[in-house]
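Letters A, B, ... are given to chains in the order of the sequence lines, protein chains preceding strands, and every chain is numbered from 1. Just so it is clear, the structure is predicted and the values come from calculations on it, not from any experiment.
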Amino acid sequence: MSTMMSTSPESPAGGLREIEFRDAIREAMSQEMRRDPRVFLLGEEVAQYNGAYKVSRGMLDEFGPRRIIDTPISESGFAGMAIGAAMMGLRPIVEFMSWSFSLVAADPILNNAPKMLYMSGGQFGCPIVFRGNNGAGGQLGSTHSWCVEGLYSNVPGVKIVIPATPEDAKGLMTTAIRDDDPVFFLESERMLGMKGHVPEGDHLVPFGQARLARSGDDITLVSFGRPVHFCLEAADALAKEGISCEVLDMRTIRPLDVGSIVRSVRRTSACVVVDQSWSFASPGSEVASIVHRECFDDLDNYVHRVHSVDVPTPYATNLEQEYLPNARRICEAVRACLYRA
Amino acid sequence: MSTMMSTSPESPAGGLREIEFRDAIREAMSQEMRRDPRVFLLGEEVAQYNGAYKVSRGMLDEFGPRRIIDTPISESGFAGMAIGAAMMGLRPIVEFMSWSFSLVAADPILNNAPKMLYMSGGQFGCPIVFRGNNGAGGQLGSTHSWCVEGLYSNVPGVKIVIPATPEDAKGLMTTAIRDDDPVFFLESERMLGMKGHVPEGDHLVPFGQARLARSGDDITLVSFGRPVHFCLEAADALAKEGISCEVLDMRTIRPLDVGSIVRSVRRTSACVVVDQSWSFASPGSEVASIVHRECFDDLDNYVHRVHSVDVPTPYATNLEQEYLPNARRICEAVRACLYRA
Amino acid sequence: MTSLSDPSAPARPFDVHGGADRPRKTYPEVAAATALGWLRQMYLIREFETRCMQSYQDKKIGGFCHVYIGQEAVAVGCTAAVERSDPIVTAYRDHGHALARGMSARACMAEMFGRIGGCAKGKGGSMHMFDRANNLFGGHGIVGAQIPLGVGLAFAAKYEDEVIKGGRSSRVALAFLGDGALNQGAFHEAMNLAGLLDIPCVVICENNGYSMGTHIARGTTMAHRLGVKGAAYGIDSYEVDGMDVLAVYHEMHEICETARRTSRPAFVDMRCYRFKGHSMSDPRKYRGREEEEHWEADDPIQKLREHLLSRAVLTEDAWKQMVKDVRAEVRDSVEWSDASPAPSSEELMRDVFMERWGPYTGSSQPEMLGGAENVPSFEAIDPSKARTPGELA
Amino acid sequence: MTSLSDPSAPARPFDVHGGADRPRKTYPEVAAATALGWLRQMYLIREFETRCMQSYQDKKIGGFCHVYIGQEAVAVGCTAAVERSDPIVTAYRDHGHALARGMSARACMAEMFGRIGGCAKGKGGSMHMFDRANNLFGGHGIVGAQIPLGVGLAFAAKYEDEVIKGGRSSRVALAFLGDGALNQGAFHEAMNLAGLLDIPCVVICENNGYSMGTHIARGTTMAHRLGVKGAAYGIDSYEVDGMDVLAVYHEMHEICETARRTSRPAFVDMRCYRFKGHSMSDPRKYRGREEEEHWEADDPIQKLREHLLSRAVLTEDAWKQMVKDVRAEVRDSVEWSDASPAPSSEELMRDVFMERWGPYTGSSQPEMLGGAENVPSFEAIDPSKARTPGELA
Ligand SMILES: Cc1ncc(C[n+]2csc(CCOP(=O)(O)OP(=O)(O)O)c2C)c(N)n1
Ligand SMILES: Cc1ncc(C[n+]2csc(CCOP(=O)(O)OP(=O)(O)O)c2C)c(N)n1
Ligand SMILES: [Mg+2]
Ligand SMILES: [Mg+2]
């Protein structure tokens with residue numbers, strides 16, 4: 001019964017107004033903070049500095065220092081503090097300046113937040129949103145380019161959101177804040193300035209429902225977050241070769257809208273997964289395994305996968321470009337999958 | 001050109017002497033410490049207490065407090081310290097009392113150790129072994145039952161070893177200590193008391209070579225660590241139903257001996273992966289994806305998977321038993337995979 | 001209490017040779033009923049833990065089991081010093097805190113038996129005692145992890161009072177930790193946050209001198225003067241005799257009321273001793289019998305009992321009756337737990353997400369934070385749907 | 001140096017209004033050649049960083065770029081105070097340390113340009129300057145992460161000297177961190193380990209008053225008396241004027257020699273200021289121009305230059321020549337980096353594992369730890385084999 005909307009730039013489903021991705025996130029946070037006094041934002045440089053990436057610009061002015069809280073560089077400490085506050089019934093939004101810095105907070109975010117409800121036999125939930133930049137920025141090097149979904153999606157009890165458009169950024173963030181469970185919200189520094197039509201007022205996008213980013217008949221491209229745009233780019237190029245690609249933007253990988261993937265692949269009989277995390281034991285391998293299970297008799301070839309190369313992220317721009325999934329590598333995978341290589 | 005040995009209890013390939021799994025690990029560590037003064041052991045309670053699980057029993061007496069070092073409960077600190085020492089050319093063995101406690105050290109073990117060589121352009125390696133108990137013990141509950149391979153195997157630059165027998169524990173530990181790269185060595189509290197024939201003297205088992213734990217014709221069971229024994233148990237039961245299972249013990253999942261898996265599956269045409277980590281984005285999903293890729297035309301059914309159930313680890317013994325992979329669930333998966341359900 | 005904030009105070013080596021011969025302060029008496037209540041609570045914990053050890057031998061309890069014997073005065077005195085509305089959180093050695101806070105022996109024992117009647121339906125176990133009605137925010141298994149949580153509890157209480165209700169901060173939170181947890185990064189980060197943001201969290205280090213087999217001086221710098229650990233964050237530090245419930249109550253009351261009034265954190269070096277091993281498997285070879293005997297001579301239960309006898313607040317007969325009652329209560333908790341069913345298979349899948357199963361309301365309707373409008377959740381997406389083939393539109 | 005270990009010393013608020021008007025100690029002079037060498041090094045760093053900013057605007061440098069302008073005296077004075085065999089490690093603001101340690105401007109600049117001629121072949125970038133020949137164990141991007149590494153370096157040096165060679169500990173390690181890193185758990189755990197295990201690591205907090213836009217007093221408790229941060233671990237703490245290279249050299253020399261002799265750690269509150277923004281994108285709205293001007297008036301390079309001019313160790317002509325030489329050197333580093341090829345595609349896969357590609361020996365044969373027999377590696381398993389279908393027997 002899930003619905004998927006087509007939102008291409010030509011049809012401004014989000015309304016006429018165009019705003020940046022970062023503004024869309026901020027709008028969701030601000031609207032929810034106006035609506036619910038339990039919601040507050042904390043993190044490094046979120047208040048006086050207006051956010052290292054200006055996502056929280058102006059929020060200190062509107063909500064004051066009791067609700068927009070600058071923290072020291074103590075990710076483990078303030079993540080844990082926010083989890084305690086969530087157990088008490090508040091609804092914290094925790095900004096990690098980058099998800100790459102969440103490794104020092106791995107214990108609270110993986111051992112506490114997702115397990116509190118279970119360990120307490122249902123007594124204490126943890127309505128909290130962790131958000132920040134994820135994935136390679138521009139040449140940030142080995143330690144600052146984590147795709148944490150590669151690690152964290154293994155863990156039950158969290159929802160993992162990876163929006164690919166400003167409209168979804170707002171809709172999914174609103175849903176995340178109202179959600180009663182811990183949500184990991186993964187943004188991309190490379191997309192914060194991307195503009196798009198975003199509805200004003202309340203806008204909610206449900207978790208677990210993929211977005212049909214482009215419809216097509218020959219092959220299904222499954223992706224989420226920034227690589228969705230590489231898929232669209234590849235689809236454009238492949239169209240010229242007469243290959244019609246359907247592109248699914250998963251929006252959330254926990255929960256994963258398996259139904260939409262399966263329905264599409266049953267029709268196209270071919271599937272490529274594009275996931276910017278490393279390949280081994282990744283969301284991409286999970287999608288591949290699921291598709292093989294659900295579409296075993298439908299597939300004309302095994303599910304092909306495009307990932308970041310299995311090495312630490314290099315700094316040099318030429319190496320970083322080779323390292324990341326890109327339209328060229330997606331095109332190659334599609335051709336190989338369709339035996340057109 | 002890899003070789004796989006059959007070592008069943010009936011054929012004591014490891015020699016006549018039987019020792020416990022914990023003794024096998026200790027023997028490897030002690031022999032290497034005698035051989036190379038750069039090797040030392042540090043961790044909580046490893047020295048005066050003789051190890052929380054007695055793996056290091058007697059080592060303080062032999063090697064003294066300069067080389068067997070008790071640490072405070074500061075996993076991040078002593079892991080980082082050991083990494084610094086490894087950069088200087090020492091060869092630390094770091095005991096995590098449990099890998100479940102390594103989450104507080106996620107940053108040094110994932111951001112430093114595996115990336116140092118790369119980030120430094122090849123100047124500084126990190127010859128270090130992290131070891132400790134992994135996976136569910138007996139009713140240790142949600143925070144103490146991590147299968148960290150589900151998380152950590154996504155990361156390039158580390159080798160991940162999960163021995164299933166005392167003999168391999170010694171052979172793989174020796175290899176790990178002599179290896180020039182970081183190695184995560186995952187033991188199981190449930191297996192430390194297991195006895196087996198273990199060669200005396202130097203004994204090395206190479207990384208990336210699976211062990212043929214049982215040969216069979218109808219289906220290939222791929223596993224590693226403790227669940228290998230559940231597979232053998234299931235294989236016994238299934239033999240009575242006329243189903244002949246081949247059981248592969250992978251020994252290391254990074255690197256993964258894809259060749260041995262593929263060769264076996266091409267012969268059996270059916271595959272079940274048994275992995276005690278959670279299913280989503282796990283080593284199990286990777287194996288499934290690889291097998292579908294390499295054996296797409298050979299498989300009679302999709303690769304079936306048996307994992308821990310996708311919930312935090314429950315304490316109650318009945319729930320924990322349901323939660324873990326076990327022979328019953330493996331038998332069901334095998335029958336389903338062979339259309340005999 | 002000795003204020004440790006004055007760093008010129010003389011260093012005090014950790015007193016491994018027992019508190020019995022230490023000079024003692026005298027404290028004001030408390031009402032007879034109160035003192036008798038404490039005696040009963042402490043003895044209940046002692047008996048309860050004794051039965052736990054036995055049940056562990058009987059294999060009715062699995063996993064790790066850390067008993068609180070010797071430290072009873074700490075949980076009882078600390079919880080008495082604050083209001084029930086003041087949230088508390090602790091580590092895995094948590095049965096004492098649960099019972100002191102008011103959890104029934106039944107719910108606590110059944111949890112360890114892994115039964116549905118347990119406080120967490122048998123899903124948490126010995127290290128994870130949660131009690132929403134009594135504002136116990138859990139025992140926690142990862143050393144140090146509960147300290148930031150405790151700071152968060154105090155933060156939330158203050159936020160609710162001041163930001164949501166527009167009033168004044170009225171509550172304190174207590175965060176308990178073992179001395180071994182002093183060396184986790186979480187302690188450091190939490191202390192700095194509490195000091196910086198004026199968060200009324202009282203951080204209580206139950207300094208029993210050992211983390212597993214490691215004497216505090218082998219793991220912690222400045223073990224002889226832990227006040228520096230608070231001073232590093234501008235947090236007032238105190239030393240309290242944790243073997244004397246009167247001392248604990250009076251000192252903690254003053255410390256907590258100061259924290260409440262000033263909305264500032266505090267750090268307490270609570271000197272105590274665990275009479276048993278770290279957990280069930282610990283032969284205690286790292287310390288001498290002589291040392292143990294010294295501390296046993298300072299038994300907080302014996303001491304209070306004798307004190308009350310000497311003041312005729314307690315009679316020998318009343319004590320015998322108390323012993324009898326407590327034993328019956330503990331025996332009942334075992335029988336009740338034996339009879340409680342194991343959690344059903346459905347419980348395996350339950351409580352992973354709120355939206356799917358709803359919060360547990362089995363034993364008590366939790367007080368929710370007030371002030372906020374009751375925001376309806378966004379229409380739930382059943383995750384089971386996402387796991388089966390769906391429809392595109 | 002002011003010993004901060006005496007906690008009764010008066011509190012000193014962080015001096016946001018510049019060091020220029022501070023009372024100064026006078027220090028012994030050093031040999032003319034030495035002083036001129038420092039001046040040149042400091043000026044090289046200044047010029048180098050200025051060119052980095054320009055190259056960043058020119059989009060030749062990508063990612064994050066944190067320049068060291070204003071803090072030159074710290075890296076130069078500290079490295080002068082120790083031997084080259086003493087290992088050092090720092091954070092991401094690392095160009096100054098690299099140059100002071102002896103890395104060529106070419107290797108440093110080419111690294112930022114992402115070229116094969118860079119110290120890490122262009123694979124590390126601005127935040128990750130490594131130089132094995134000069135015992136620089138990296139710049140590190142994760143705040144605080146390098147502190148335990150630094151303790152490990154000192155541990156290893158001592159282990160080698162004492163356990164492997166059977167002699168006496170002879171080296172110290174320097175671990176640099178920013179003031180913002182004080183609040184990471186890694187700092188706490190590393191300090192406790194160093195204090196506990198007598199590890200001769202000198203932990204140097206380059207206290208420039210800000211972590212990004214956060215004034216130290218907004219992020220760090222006891223910012224006005226950081227000595228308590230060392231005292232919490234029984235580690236001697238010192239305050240040093242980081243705007244004066246003579247002060248840095250003399251104080252650090254004494255501190256490091258003490259650490260070397262006693263095999264004990266030390267903690268240094270190194271007062272300094274970064275003249276530019278946190279990174280290239282920082283408009284510095286969080287501090288006033290007035291404050292900046294106060295500090296700029298205390299410019300360590302100007303100060304040394306004038307001092308040497310006044311003592312006639314330097315002439316105006318010699319200074320002009322030095323300026324010319326340094327500018328030429330920096331210009332050359334840019335030209336050389338421009339000409340250096342980008343790393344080849346093979347470099348993407350190289351250096352993931354030792355066994356596969358072997359250690360980098362491009363520019364210098366690293367000194368390996370002595371004493372241990374040269375253990376041959378176990379016959380390598382080529383991971384590429386494991387990735388393709390293999391043979392069972
Ligand atoms: C991060 C982490 N490391 C290690 C452990 C294992 N462990 C459990 S309790 C304990 C000792 C803690 O001692 P202390 O804090 O003094 O508490 P006590 O047992 O004395 O109450 C250790 C090392 C753990 N649970 N978590
Ligand atoms: C764990 C972690 N959190 C956050 C960051 C982002 N970050 C980089 S530098 C910085 C400020 C550090 O300030 P300080 O330690 O004072 O060093 P300075 O920049 O002044 O040299 C922050 C927050 C990071 N790199 N690592
Ligand atoms: Mg203790
Ligand atoms: Mg700074």
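Proximity to chain A involves both the backbone and the side chain of P314(B), based on heavy atoms less than 4.5 angstrom apart. Looking at S142(B), both its backbone and its side chain come within 4.5 Å of chain A, counting heavy atoms on both sides. Looking at V155(B), the atoms closer than 4.5 Å to chain A (heavy atoms on both sides) sit in the backbone and in the side chain alike. Within the 4.5 angstrom heavy-atom criterion, only backbone atoms of D300(A) (N, CA, C, O) approach chain B. At a 4.5 Å heavy-atom cutoff, V303(B) makes no contact with chain A through either its backbone or its side chain. Only the backbone of S100(B) comes within less than 4.5 Å of a heavy atom of chain A; no side-chain atom from C-beta onward does.
Counting heavy-atom pairs closer than 4.5 Å to chain A, the top-ranked of the candidates V104(B), V287(B), N301(B) is N301(B). For the options P108(A), G284(A), S153(A), A288(A), heavy-atom pairs under 4.5 Å to chain B are most numerous at S153(A). Most heavy-atom pairs under 4.5 Å with chain A: of the set S102(B), P114(B), A106(B), this distinction falls to A106(B). With chain A as partner, the option from P312(B), G150(B), P283(B) having the largest number of non-hydrogen pairs under 4.5 angstrom is P312(B).
In this structure, NZ on K159(B) lies 7.5 Å from CG on D180(B), to the nearest 0.5 angstrom.
Side-chain N/O atoms of T220(A) and T268(A) include a donor and acceptor closer than 3.5 Å. A donor atom on one side chain and an acceptor atom on the other are found under 3.5 Å apart for E149(B) and N134(B).
Using a 4.0 Å cut-off between charged side-chain N and carboxylate O, D310(A) and R254(B) make a salt bridge. Under 4.0 Å is where a charged nitrogen must lie from a carboxylate oxygen, and between D275(B) and R305(B) no such pair does.
A side chain to side chain contact (heavy atoms under 4.5 Å, CB included) with V334(B) is found for exactly one of L221(B), V306(B), V274(B), namely L221(B). Checking each of F101(A), F185(A), Y152(A), F130(A) against F96(A) for a ring pair (Phe, Tyr, Trp, His ring centres under 6.0 Å) leaves exactly one that passes, namely F130(A).
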